[in-house]
Amino acid sequence: MSAFQKNILSKLYQAGLLHDVSAFIPQNKRLSISEKLHISILKEERQVPLLLHQKLSAYIAQECFQIKDPLILNAIECHTTLKKNFNNFDLIIFLADKIAWDQSGTPPYLKDLNNALQDSPRKAALVYIDYLLSHNPLIIHPWLLAAQKQLII
Ligand SMILES: [Fe+2]
């Protein structure tokens, strides 16, 4: 393995470790804490503060764990929704989050996602997004829609 590959793997590992680090913040405190920290909040995130955990995790990774690398911080910040102009690093963290989800059992979309992954990570991401959008999500995050639009192209 080259030094470059080792470096990227190390960064993926750091993003993987820290992506949900804000999970200790109770659901009913996520909005008020985000406001106090001057994190930008979208209206969809006000409606479903669960969605703020990706931004809060990026904040904690930067301020408490001294992560300065924007590659890592950006991937943490969009690991739930992906976002417009995502890069391959963001895409890997997004897919890893969906493959090893935080609920019990196997994700219902996993087989299709893994099949699509044989073609490309982009197709796999679309499988997940299509699944989510067709199963009455609590809210549709605009970053997810922006990512979907770019994945379709
Ligand atoms: Fe998460």
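Only heavy atoms go into these numbers, but all of them, side chains included; no hydrogens, no water, no symmetry mates. For ligands, and for the atoms within them, numbers begin at 1 and follow the listed sequence. Just so we're clear, the structure is a prediction, and the values are computed from it rather than from any experiment.
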Contacts of the Fe ion (ligand 1) with protein N/O/S atoms, counting only those under 2.8 Å
Asp20 OD1, His53 NE2, His79 NE2

Heavy atoms, side chains only, cut-off 4.5 Å: are Arg30 and Lys55 in contact?
no

Side chain proximity check, Tyr131 to Pro108, heavy atoms < 4.5 angstrom:
yes

Candidate pair His53 and Gln27, rule side-chain hydrogen bond (donor to acceptor under 3.5 Å, both in side chains), full reasoning:
CA-CA 9 Å; His53 86 280; Gln27 201 69 262; over 6 Å; no

Please test Asp20 against His79 for side-chain hydrogen bond (donor to acceptor under 3.5 Å, both in side chains), starting from the C-alpha separation and ending with a verdict.
CA-CA 9 Å; Asp20 273 342; His79 77 267; 3.1 Å; yes

Going by ring pair (Phe, Tyr, Trp, His ring centres under 6.0 Å), Phe94 matches just one of Phe89, Trp101, Tyr128. Which one?
Tyr128

Quick one, Lys83 and Asn74 - any side-chain contact, counting heavy atoms below 4.5 Å?
yes

